[in-house]
Amino acid sequence: MMQQFLGLKEEAEDCLLFYRMGDFFELFFDDAKKASAVLDIALTTRGEHGGEPVPMCGVPVHSAEGYLARLIKAGCRVAIAEQVETPEEAKARAKREGTPSSKALVKRDIVRFVTAGTLTEDALLEPRRANVLAALAEVRGTIGIASCDISTGAMMLEACAPDGLSAALARLSASEVVVPEGWSIEPDERIERDPSDFSSDQGRARLQKIHEVATLDGFGDFSRAMLAAAGGLIAYMEHVGRGNLPLLLPPKLRSSAQIMAMDEATRSSLEILASQSGGREHSLIAAIDRCSTGAGARLLAEDLTAPLLDRSAIEARLALVQWLHDDPIARAELREKLRAQPDFARALGRIAAGRGSPRDLGQIRDGLSGAQQIHEFLQVKSDQPKLLGSLLPELTGHGALVDELARALVPSPPTERSNGGYIAEGYDASLDELRSISGNARRAIAAMEARYREETEIASLKIKHNGVLGFFIEVPSRHADALMAQDSGFTHRQTMKGAVRFNSVALHEEATRIAEAAGLALASEDAHFDDLVALVLRTREAIAQSAAAIARIDVSAGQAERAAESGWCRPKIADEAVLDIREGKHPVVEAALVKSGERFVANDCGLSSTDRFWLIGGPNMGGKSTFLRQNALIVLLAQAGGFVPASSARIGLVDRLFSRVGASDNLARGRSTFMVEMVETAAILAQASERSFVILDEVGRGTSTYDGLALAWAVAEAMHSQIRCRCLFATHYHELARLSDSCEALSLHHVRAREYKGDLILLHEVTGGAADQSFGLAVARLAGVPDRVVKRARQVLAKLEENRKETGGLAAGLGGLPLFDAIEHVSEDSEDPALALLDEIADLDVDSMSPREALEQLYALANRARSTKH
């Protein structure tokens, strides 16, 4: 057995080997140590190998999926080694080979590799998130990308330049990326395979064979790089499936000219599918997802990660959302029907991969039946938008298949086929007869039990069944002697503590009849299952198209529902470079404020060819970053084909969206916060065009004041005068306001704030004009910085401002100040009297004073000021 295990482990390479032994998957050696730690299960030993105990752990076969899910989530890959023959077959083989049958070892083989990108089981997949497997190949300086969601069969081919690979991978967010051995480009986490798999000729031949076509021209004009990537992808899927390919739909061509480009930093900054803290909560999709089905949620995520550049396609999506938005009664009824839809796209994927169950066939039946009902419901509606008109025909044409599945299957088929019971009564007369024989035999056994009780006068006699003995007669030990007699007609089989078990000729005959009938019934159901699977697979592409149409309708209904909830508007899409948003909101922040009972302050944004660059100042916490992000998200939502959180919006198509808002260390790559900021800024300067939209926040803040100001100045000039794109630029460098004198399309704006009685009041309103101050000390106080530190900061600030006026230098005269540590030795008495006077004025409660009290206080302060001056 251990020799067999080691041979299979060599095939499994770096995967954990699940080795089937009876009702358990066992793991040995280092696999057992790693799995026991991840799964928190007991690590034991069994036998010896090389004189050392063999570490071992195991999981039950019936609950293996849950353990697999945890292993995959922990980054492990697993090889499943199943028994590929029965013990009887093993004994017969041993006899043919001249080996003692008592030592016959059941053959096992790796039937499948379970990896993060090749999952199909419901228990291992997130229902509202696509699971993408990607492969990369480079041909003559062009990188081909082949991607596939194996759970549904959707396959996409595209190409990019090496400098665009990072953005493409960020968009795909693949669970696994397969590359040729020796691949020197990103990503860092990848699976390397034999370079010979990545052949364009092989890729073309494999696709033609899978889809049974002589040419791929009908699918698209695929480049050699794309086909090479497709070859590597299919070869890897054949490897993990041990020769069995999953469902693969005809590949679609994706062009970079069709979708808005966003790099990894932008996607992370905008928190489109996941927040920066990790997880779906507080992300854009969490704030807008109102889809009724998992397939709809997955399509919505795809829409958000790949917004469109085709104005007509965007308008088609918006028109369908508008149509559903304007009819709330029909929308509610449609969403109710959608909620009843099973995820039959993934059910089809499991069936095509050979891992389908009766339940999956039932989901195909119910899904196609529901699609027909949705078609009938929508077909009679008037003024149908163009997109809906193209989707409705995809929902029909499955009547014969649905009828066959409805006749063949019970209403709620089980997930396991091994126990039968999923073929409906009346579908097959011979199967019904076998079931009747089995049922009659069981009734005969019940009658036999009653007869034996009467004949033996043992009221406690019972006829039982288990998987080892089959049917047997059991009596308490005290009655065993009566049945042990030779003329009793009973044969002793087993003695238990407190009971003895027997057999009889009549019982054996009935048991044989039951076993034969049950076995034939299971075989008959298995045959019907295979026939039904073949019937489904003959129309798999049409079924997949129906599932895709349901998902698109669900996305549109969900977008309409979300828009109706908060009064969002339909954006107007323009060809010119304009961004005119009235009362715009950040969807994620607004949703969070609504939960806490607070109100979001909406703001306008108006960018055009003559006012395309906004320089925005104001205090931290004032809402600058939120304002920047909300406008980027509104652009993204609009080009994804959805309504936007604003009272009105006119948006010129954006070819590339860039967000450099916030940054953090990337210690793994040896990059500081400032280095990360500069890398992201460099990418924007290199890739942005006149049609791009860029949001920049605090450029230059991670270095010295002079360097930071110089960099911010130069970047702002480049964005305005060289790239000439629409840009929102937030900064604390007040000196940048001078750019408005030389940059004709630059305007000054700030977020409003006020100090009242020493407290900072943030108004979160964006208004025209330069910021008069940053309120940094007030924010520090708001954050809980000790008063003595804030007061010392005021002293330093006063000195800086004084010397700045005298010399024009930002930091002139600062060297004359004592070190900051001197604050520890400064007593309250030595505090700057002018600052003390300002503190006293700030603490006055003017509203509660009478006129006389106010006048007396004013005299007192004037006297204090005169004495301070002298």
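In this view, Thr415 and Arg359 satisfy the side-chain contact (heavy atoms from CB on, under 4.5 Å) rule, not counting sequence neighbours. For Arg540, the side-chain contact (heavy atoms from CB on, under 4.5 Å) partners two or more places apart in sequence, or in a different chain, are Leu247, Leu348, Leu537. Listed by chain and residue number, nothing satisfies the salt bridge (charged side-chain N to carboxylate O under 4.0 Å, His left out) test with Glu416 (two or more places apart in sequence, or in another chain). Listed by chain and number, the residues in a salt bridge (charged side-chain N to carboxylate O under 4.0 Å, His left out) with Arg365 amount to none (sequence neighbours excluded). For the side-chain contact (heavy atoms from CB on, under 4.5 Å) test, residues two or more places apart in sequence or in another chain that qualify with Leu535 are Leu401, Glu404, Arg538. Listed by chain and residue number, Glu425, Arg435 satisfy the side-chain contact (heavy atoms from CB on, under 4.5 Å) test with Asp432 (two or more places apart in sequence, or in another chain). Applying the ring-ring contact (aromatic ring centres under 6.0 Å, His included) rule to Phe472 yields no partners; only residues at least two apart in sequence or on another chain are considered.
Between Phe490 and Ile473, some side-chain heavy-atom pair lies under the 4.5 Å cut-off. Ile423 is listed as a side-chain neighbour of Leu431, based on a closest heavy-atom distance under 4.5 Å. Thr115 has its side chain out of reach of Ile72: every pair of non-hydrogen atoms, C-beta onward, lies at least 4.5 Å apart. Leu207 has its side chain within reach of Leu227: a pair of non-hydrogen atoms, C-beta onward, lies under 4.5 Å apart. With contacts defined as side-chain heavy-atom distances shorter than 4.5 Å, the pair Val500/Gln494 does not qualify. Proximity of Thr456 to Leu483: side-chain heavy atoms (C-beta onward) are separated by under 4.5 Å at one or more points. Ile445 has its side chain within reach of Phe471: a pair of non-hydrogen atoms, C-beta onward, lies under 4.5 Å apart.
For residues 25-36, every residue pair satisfying the side chain to side chain donor-acceptor pair (under 3.5 Å) rule, not counting sequence neighbours, is listed here: Lys9-Asp31. Within the structure, salt bridge (Lys or Arg N to Asp or Glu O under 4.0 Å) pairs that include any residue of residues 234-246 comprise Glu11-Arg242, Asp109-Arg242, Arg206-Glu238 (at least two apart or interchain).
Judged purely by distance below 3.5 Å, without hydrogens or angles, the side chains of Ser546 and His398 pair a donor atom with an acceptor atom.
Considering all non-hydrogen atoms of both residues, Pro250 and His211 come closest at N-CE1, 3.3 Å. Looking at every heavy atom in both residues, Glu89 comes nearest to Thr86 through OE1-N, 2.9 Å. Here the closest heavy-atom approach between residue Leu409 and residue Gly362 is recorded as CD1-N, 3.8 Å. Considering all non-hydrogen atoms of both residues, Pro87 and Val106 come closest at CA-CG2, 4.0 Å. Nearest heavy-atom pair, Arg193 versus Val178, reported as atom, atom and distance to 0.1 Å: CG-CG1, 3.4 Å. Listed here is the closest heavy atom pair of Leu469 and Asn466: N-OD1, 2.6 Å.
The CG atom of Leu71 sits 12.5 Å away from atom NZ of Lys73, with the distance rounded to the nearest 0.5 Å. The OG atom of Ser147 sits 7.5 Å away from atom CG of Leu157, with the distance rounded to the nearest 0.5 Å. Within the model, atoms CG of Leu8 and CZ of Phe18 stand 14.5 Å from one another, a figure rounded to the nearest 0.5 Å. Put simply, CG on Asp343 and OG1 on Thr293 are 7.0 Å apart, with the number rounded to the nearest 0.5 Å. With rounding to the nearest 0.5 angstrom, the CG atom of Asp360 is 11.5 Å from the CZ atom of Arg355. Here the SG-CG distance, from Cys148 to Leu233, works out to 6.0 Å after rounding to the nearest 0.5 Å.
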Under 3.5 Å donor-acceptor pairs involving side-chain atoms of residues 42-65, not counting sequence neighbours:
unit_1: Thr44; atom_1: OG1; unit_2: Met56; atom_2: O; d: 3.2

For residues 122-136, which side-chain donor-acceptor pairs fall under 3.5 Å, sequence neighbours excluded?
unit_1: Asp122; atom_1: OD1; unit_2: Arg350; atom_2: NH1; d: 3.1
unit_1: Arg128; atom_1: NE; unit_2: Asp289; atom_2: OD2; d: 3.2
unit_1: Arg128; atom_1: NH2; unit_2: Asp289; atom_2: OD1; d: 3.2
unit_1: Arg128; atom_1: NH2; unit_2: Asp289; atom_2: OD2; d: 3.0
unit_1: Arg128; atom_1: NH2; unit_2: Cys291; atom_2: O; d: 3.0
unit_1: Asn131; atom_1: OD1; unit_2: Ser175; atom_2: OG; d: 2.6
unit_1: Asn131; atom_1: ND2; unit_2: Ala116; atom_2: O; d: 2.9

Identify every side-chain donor-acceptor pair in residues 526-534 under 3.5 Å, counting partners at least two apart or on other chains, and give the distances.
unit_1: Asp526; atom_1: OD1; unit_2: Arg417; atom_2: NE; d: 3.3
unit_1: Asp526; atom_1: OD1; unit_2: Arg417; atom_2: NH2; d: 3.0
unit_1: His528; atom_1: NE2; unit_2: Asp428; atom_2: OD2; d: 2.6

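If you look at Phe25 and Tyr67, their ring centroids are not closer than 6.0 Å. Taking the six-membered ring where the residue is Trp, the centroids of Phe5 and Phe28 are separated by under 6.0 Å.
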Open item on the list: Let's go through Arg501 and Glu474 carefully: what are the C-alpha distance in whole Å and the side-chain angles of both, what is the deciding distance for salt bridge (charged side-chain N to carboxylate O under 4.0 Å, His left out) to 0.1 Å, and is it a yes or a no?
Closed with: CA-CA 4 Å; Arg501 293 171 175 176; Glu474 183 176 283; 2.9 Å; yes
Task: Stepwise side chain to side chain contact (heavy atoms under 4.5 Å, CB included) check, Phe344 with Ile543 - done: CA-CA 9 Å; Phe344 65 102; Ile543 295 172; 4.0 Å; yes
Task: Test log, rule side chain to side chain contact (heavy atoms under 4.5 Å, CB included), inputs Leu68 and Val78 - done: CA-CA 8 Å; Leu68 282 172; Val78 179; 3.7 Å; yes
Task: Pair Leu6-Phe29, side chain to side chain contact (heavy atoms under 4.5 Å, CB included): steps then yes or no - done: CA-CA 10 Å; Leu6 293 172; Phe29 299 105; 4.0 Å; yes
Open item on the list: side-chain hydrogen bond (donor to acceptor under 3.5 Å, both in side chains), that's the test. Do Ser504 and Tyr452 meet it? Break it down for me.
Closed with: CA-CA 10 Å; Ser504 73; Tyr452 284 159; 2.9 Å; yes
Open item on the list: Between Arg453 and Glu449, is the salt bridge (charged side-chain N to carboxylate O under 4.0 Å, His left out) condition met? List the steps.
Closed with: CA-CA 6 Å; Arg453 285 180 180 176; Glu449 180 182 79; 3.6 Å; yes
- [ ] Would you please test Val114 and Arg77 for side chain to side chain contact (heavy atoms under 4.5 Å, CB included) and show each step?
- [x] CA-CA 6 Å; Val114 182; Arg77 301 168 67 226; over 6 Å; no
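Taking a 6.0 Å sphere around NE2 of His508, one finds it holds 12 or fewer heavy atoms contributed by other residues, nucleotides or ligands.
The one candidate from Arg108, Arg93, Lys107 that meets the salt bridge (charged side-chain N to carboxylate O under 4.0 Å, His left out) condition with Glu85 is Arg93. Partner of Ser151 under the side-chain hydrogen bond (donor to acceptor under 3.5 Å, both in side chains) criterion, chosen from Arg346, Glu121, Arg298: Arg346.
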